[in-house]
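Written below as C-alpha coordinates is the structure these notes are about.
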Amino acid sequence: MSRNPPQDLALKYHELKQTLSRCARDPARPPELLAVSKGQPAARIRELFALGQRRFGENYAQELLAKAAELSDLPIEWVYIGHLQSNKIKKLVSVSSEIQTLAQWSHAEQLARAVAEAGRTGFKVFLEVKVDQAESKSGLAWDDVLDLSQRIQTELPQLCLRGLMAIPESQFQDSDSAEIPELYQRLRALADRVGDGQLSLGMSGDLRMAAAAGSDLVRVGQALMGPRRS
Ligand SMILES: *Cc1c(COP(=O)(O)O)cnc(C)c1O
(Lines give C-alpha, C1' and ligand atoms only; values in the text may rest on other atoms or scores of the structure.)
Protein backbone atom coordinates (compact mmCIF):
# COMPACT_ATOMS: atom_id res chain seq x y z
CA MET A 1 0.00 0.00 0.00
CA SER A 2 2.31 2.73 1.18
CA ARG A 3 5.38 1.67 -0.75
CA ASN A 4 6.39 5.29 -1.07
CA PRO A 5 6.14 7.15 2.20
CA PRO A 6 5.25 10.81 1.76
CA GLN A 7 8.18 13.17 1.45
CA ASP A 8 7.29 15.17 4.53
CA LEU A 9 7.47 12.13 6.79
CA ALA A 10 10.75 10.99 5.26
CA LEU A 11 12.19 14.46 5.79
CA LYS A 12 11.01 14.68 9.40
CA TYR A 13 12.37 11.24 10.19
CA HIS A 14 15.73 12.12 8.71
CA GLU A 15 15.87 15.49 10.47
CA LEU A 16 14.89 14.03 13.80
CA LYS A 17 17.69 11.47 13.62
CA GLN A 18 20.14 14.22 12.77
CA THR A 19 18.93 16.31 15.68
CA LEU A 20 19.43 13.39 18.03
CA SER A 21 22.98 12.82 16.82
CA ARG A 22 23.79 16.51 17.00
CA CYS A 23 22.46 16.97 20.52
CA ALA A 24 23.50 13.65 22.05
CA ARG A 25 25.81 13.76 25.05
CA ASP A 26 27.92 11.18 23.22
CA PRO A 27 27.53 11.85 19.48
CA ALA A 28 28.76 8.32 18.77
CA ARG A 29 25.79 6.95 20.70
CA PRO A 30 22.68 9.02 19.99
CA PRO A 31 19.49 7.97 21.79
CA GLU A 32 17.32 5.36 20.20
CA LEU A 33 14.13 6.73 18.67
CA LEU A 34 10.89 5.12 19.82
CA ALA A 35 8.04 6.28 17.56
CA VAL A 36 4.94 6.96 19.66
CA SER A 37 1.98 6.04 17.46
CA LYS A 38 -1.01 6.53 19.78
CA GLY A 39 -3.76 8.41 17.98
CA GLN A 40 -2.10 7.74 14.61
CA PRO A 41 -3.73 5.61 11.92
CA ALA A 42 -2.21 2.26 10.95
CA ALA A 43 -1.40 3.66 7.50
CA ARG A 44 0.95 6.21 9.09
CA ILE A 45 2.73 3.45 10.98
CA ARG A 46 3.20 1.56 7.70
CA GLU A 47 4.76 4.61 6.15
CA LEU A 48 7.22 5.00 9.00
CA PHE A 49 7.97 1.30 8.94
CA ALA A 50 8.81 1.63 5.24
CA LEU A 51 11.38 4.25 6.23
CA GLY A 52 13.08 1.81 8.56
CA GLN A 53 11.43 2.39 11.95
CA ARG A 54 10.81 -0.88 13.82
CA ARG A 55 9.87 0.03 17.40
CA PHE A 56 6.57 1.77 18.14
CA GLY A 57 5.11 2.89 21.45
CA GLU A 58 1.43 2.83 22.41
CA ASN A 59 -0.48 4.04 25.49
CA TYR A 60 -3.77 2.21 25.42
CA ALA A 61 -4.13 -1.57 25.54
CA GLN A 62 -7.21 -1.62 23.27
CA GLU A 63 -5.59 0.53 20.64
CA LEU A 64 -2.37 -1.47 20.80
CA LEU A 65 -4.19 -4.78 20.33
CA ALA A 66 -6.17 -3.46 17.38
CA LYS A 67 -3.11 -2.04 15.66
CA ALA A 68 -0.98 -5.12 16.32
CA ALA A 69 -3.71 -7.19 14.62
CA GLU A 70 -4.07 -4.81 11.70
CA LEU A 71 -0.32 -4.64 11.17
CA SER A 72 0.47 -8.28 11.92
CA ASP A 73 2.11 -8.65 8.51
CA LEU A 74 4.95 -6.37 9.66
CA PRO A 75 7.67 -7.38 12.16
CA ILE A 76 6.99 -4.39 14.42
CA GLU A 77 8.23 -4.40 17.99
CA TRP A 78 5.50 -2.90 20.19
CA VAL A 79 6.37 -1.08 23.38
CA TYR A 80 3.78 -0.21 25.98
CA ILE A 81 4.20 3.24 27.55
CA GLY A 82 0.72 3.76 29.02
CA HIS A 83 -0.64 3.47 32.52
CA LEU A 84 -0.31 -0.14 33.68
CA GLN A 85 -3.36 -2.02 35.00
CA SER A 86 -3.43 -5.55 36.40
CA ASN A 87 -6.26 -6.71 34.21
CA LYS A 88 -4.40 -5.76 31.02
CA ILE A 89 -1.04 -7.34 31.79
CA LYS A 90 -1.70 -10.68 30.11
CA LYS A 91 -2.90 -9.07 26.91
CA LEU A 92 0.00 -6.66 26.84
CA VAL A 93 2.46 -9.53 27.15
CA SER A 94 0.77 -11.28 24.22
CA VAL A 95 1.52 -8.44 21.79
CA SER A 96 4.40 -6.40 23.14
CA SER A 97 8.01 -7.04 24.07
CA GLU A 98 8.61 -4.18 26.44
CA ILE A 99 6.73 -2.22 29.10
CA GLN A 100 8.19 1.09 30.27
CA THR A 101 5.71 2.00 32.99
CA LEU A 102 6.31 -0.56 35.71
CA ALA A 103 5.99 1.02 39.14
CA GLN A 104 4.72 -1.66 41.54
CA TRP A 105 6.00 -4.95 42.85
CA SER A 106 2.58 -6.60 42.42
CA HIS A 107 2.57 -5.69 38.72
CA ALA A 108 6.11 -6.98 38.32
CA GLU A 109 5.06 -10.34 39.78
CA GLN A 110 1.99 -10.56 37.55
CA LEU A 111 4.07 -9.64 34.56
CA ALA A 112 6.68 -12.29 35.34
CA ARG A 113 3.93 -14.89 35.69
CA ALA A 114 2.33 -13.90 32.37
CA VAL A 115 5.72 -14.04 30.64
CA ALA A 116 6.37 -17.52 32.02
CA GLU A 117 2.89 -18.73 31.02
CA ALA A 118 3.47 -17.44 27.51
CA GLY A 119 6.67 -19.51 27.41
CA ARG A 120 8.77 -16.42 27.01
CA THR A 121 11.80 -15.01 28.78
CA GLY A 122 13.69 -11.74 28.92
CA PHE A 123 10.64 -9.49 28.75
CA LYS A 124 12.01 -5.96 28.86
CA VAL A 125 10.83 -3.48 31.48
CA PHE A 126 11.67 0.01 32.67
CA LEU A 127 10.75 1.38 36.08
CA GLU A 128 8.79 4.61 35.84
CA VAL A 129 9.80 7.17 38.43
CA LYS A 130 7.41 9.91 39.41
CA VAL A 131 8.97 13.31 38.83
CA ASP A 132 5.88 15.36 39.36
CA GLN A 133 4.23 15.93 42.70
CA ALA A 134 0.67 15.98 41.27
CA GLU A 135 -1.41 13.21 42.84
CA SER A 136 -2.76 12.18 39.45
CA LYS A 137 0.70 11.32 38.14
CA SER A 138 1.82 7.73 38.15
CA GLY A 139 5.19 6.25 38.88
CA LEU A 140 7.38 5.22 41.76
CA ALA A 141 8.71 7.56 44.42
CA TRP A 142 12.44 8.29 43.96
CA ASP A 143 13.28 6.64 47.22
CA ASP A 144 11.64 3.38 46.21
CA VAL A 145 13.36 2.93 42.86
CA LEU A 146 16.48 1.10 43.97
CA ASP A 147 14.62 -1.31 46.25
CA LEU A 148 12.19 -2.35 43.54
CA SER A 149 15.01 -2.58 41.03
CA GLN A 150 16.98 -4.92 43.24
CA ARG A 151 13.99 -7.07 44.09
CA ILE A 152 13.07 -7.53 40.43
CA GLN A 153 16.61 -8.48 39.54
CA THR A 154 16.97 -11.01 42.31
CA GLU A 155 13.49 -12.55 42.28
CA LEU A 156 12.08 -12.25 38.76
CA PRO A 157 14.45 -13.73 36.18
CA GLN A 158 11.65 -13.67 33.58
CA LEU A 159 12.06 -9.91 33.36
CA CYS A 160 14.96 -8.00 31.88
CA LEU A 161 15.25 -4.70 33.69
CA ARG A 162 16.57 -2.16 31.22
CA GLY A 163 16.49 0.97 33.33
CA LEU A 164 14.52 4.03 34.30
CA MET A 165 11.78 5.97 32.54
CA ALA A 166 10.29 9.37 33.37
CA ILE A 167 7.70 11.77 31.97
CA PRO A 168 8.59 15.28 33.18
CA GLU A 169 6.11 18.08 32.56
CA SER A 170 7.47 20.00 29.60
CA GLN A 171 8.22 23.09 31.64
CA PHE A 172 11.61 23.65 30.06
CA GLN A 173 12.32 25.51 26.84
CA ASP A 174 14.02 23.06 24.48
CA SER A 175 16.77 24.12 22.11
CA ASP A 176 20.17 22.93 20.90
CA SER A 177 21.91 25.10 23.46
CA ALA A 178 19.47 24.81 26.35
CA GLU A 179 21.00 24.22 29.73
CA ILE A 180 20.37 20.69 30.93
CA PRO A 181 17.82 20.79 33.77
CA GLU A 182 19.10 19.51 37.08
CA LEU A 183 16.19 17.08 37.16
CA TYR A 184 17.48 15.45 33.98
CA GLN A 185 20.94 15.07 35.45
CA ARG A 186 19.50 13.43 38.55
CA LEU A 187 17.48 11.06 36.38
CA ARG A 188 20.61 10.16 34.40
CA ALA A 189 22.50 9.40 37.59
CA LEU A 190 19.70 7.29 39.07
CA ALA A 191 19.21 5.36 35.82
CA ASP A 192 22.86 4.30 35.97
CA ARG A 193 21.96 2.26 39.05
CA VAL A 194 18.84 0.55 37.65
CA GLY A 195 19.16 -2.73 35.74
CA ASP A 196 21.08 -2.25 32.49
CA GLY A 197 21.38 1.45 33.26
CA GLN A 198 19.27 2.78 30.40
CA LEU A 199 17.36 6.05 30.63
CA SER A 200 14.10 6.59 28.69
CA LEU A 201 13.66 10.35 28.74
CA GLY A 202 12.58 12.91 26.16
CA MET A 203 9.45 13.55 24.09
CA SER A 204 8.58 15.96 21.27
CA GLY A 205 8.94 18.99 23.54
CA ASP A 206 12.24 18.21 25.26
CA LEU A 207 14.13 15.73 23.12
CA ARG A 208 17.18 17.96 22.59
CA MET A 209 17.72 18.49 26.30
CA ALA A 210 17.08 14.82 26.99
CA ALA A 211 19.64 13.79 24.37
CA ALA A 212 22.15 16.25 25.83
CA ALA A 213 21.52 14.84 29.30
CA GLY A 214 22.47 11.38 28.04
CA SER A 215 19.09 9.76 27.50
CA ASP A 216 19.34 6.37 25.80
CA LEU A 217 15.86 6.40 24.34
CA VAL A 218 13.52 9.22 23.37
CA ARG A 219 9.78 8.65 22.85
CA VAL A 220 8.58 10.90 20.07
CA GLY A 221 5.01 11.22 18.83
CA GLN A 222 3.76 14.45 17.31
CA ALA A 223 7.12 15.93 16.32
CA LEU A 224 7.55 12.92 14.03
CA MET A 225 4.11 11.67 13.06
CA GLY A 226 2.10 14.88 13.20
CA PRO A 227 -0.98 15.81 15.25
CA ARG A 228 -2.89 12.97 16.85
CA ARG A 229 -6.48 12.27 15.98
CA SER A 230 -8.17 11.33 19.21
C1 LIG B 1 2.26 10.44 24.31
C2 LIG B 1 3.53 10.08 24.96
C3 LIG B 1 4.76 10.38 24.35
C4 LIG B 1 4.89 11.16 23.05
O5 LIG B 1 4.44 12.46 23.20
P6 LIG B 1 4.73 13.55 22.08
O7 LIG B 1 4.57 14.84 22.80
O8 LIG B 1 3.69 13.37 21.02
O9 LIG B 1 6.09 13.34 21.56
C10 LIG B 1 5.92 9.95 24.99
N11 LIG B 1 5.88 9.28 26.15
C12 LIG B 1 4.73 8.99 26.76
C13 LIG B 1 4.76 8.24 28.04
C14 LIG B 1 3.52 9.39 26.19
O15 LIG B 1 2.38 9.11 26.83
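Positions are given from 1 along the sequence. When a ligand or atom number is given, it counts from 1 through the structure's own listing order.
Salt-bridge formation is detected for the pair Glu32/Arg55: a Lys NZ or Arg NE/NH1/NH2 atom is positioned less than 4.0 Å from an Asp or Glu carboxylate oxygen. Between Asp196 and Arg162, no side-chain nitrogen of the basic residue sits less than 4.0 Å from a carboxylate oxygen of the acidic one, so the salt-bridge criterion is not met. The pair Asp216-Arg188 meets the salt-bridge criterion, since a charged nitrogen lies less than 4.0 angstrom from a carboxylate oxygen. One finds no salt bridge joining Glu15 and Lys12 here, because no Lys/Arg side-chain nitrogen approaches an Asp/Glu carboxylate oxygen to under 4.0 Å. Between Glu77 and Lys124, at least one side-chain nitrogen of the basic residue sits less than 4.0 Å from a carboxylate oxygen of the acidic one, meeting the salt-bridge criterion.
Placement of Leu164 and Phe126 in two distinct hydrophobic clusters is found when ILVMFWY residues are connected by side-chain heavy-atom separations under 4.5 Å, directly or transitively.
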Name each N or O atom in ligand 1 that is under 3.5 Å from a protein N or O, and give the partner atom and the distance.
| residue | atom | partner | partner atom | Å |
| --- | --- | --- | --- | --- |
| ligand 1 | 8 (O) | Gln222 | N | 2.8 |
| ligand 1 | 8 (O) | Arg228 | NH1 | 2.7 |
| ligand 1 | 8 (O) | Arg228 | NH2 | 3.3 |
| ligand 1 | 9 (O) | Ser204 | N | 3.0 |
| ligand 1 | 9 (O) | Ser204 | OG | 2.5 |
| ligand 1 | 9 (O) | Gly221 | N | 2.8 |
| ligand 1 | 11 (N) | Arg219 | NE | 2.9 |
| ligand 1 | 15 (O) | Lys38 | NZ | 2.7 |
| ligand 1 | 15 (O) | Asn59 | ND2 | 2.7 |

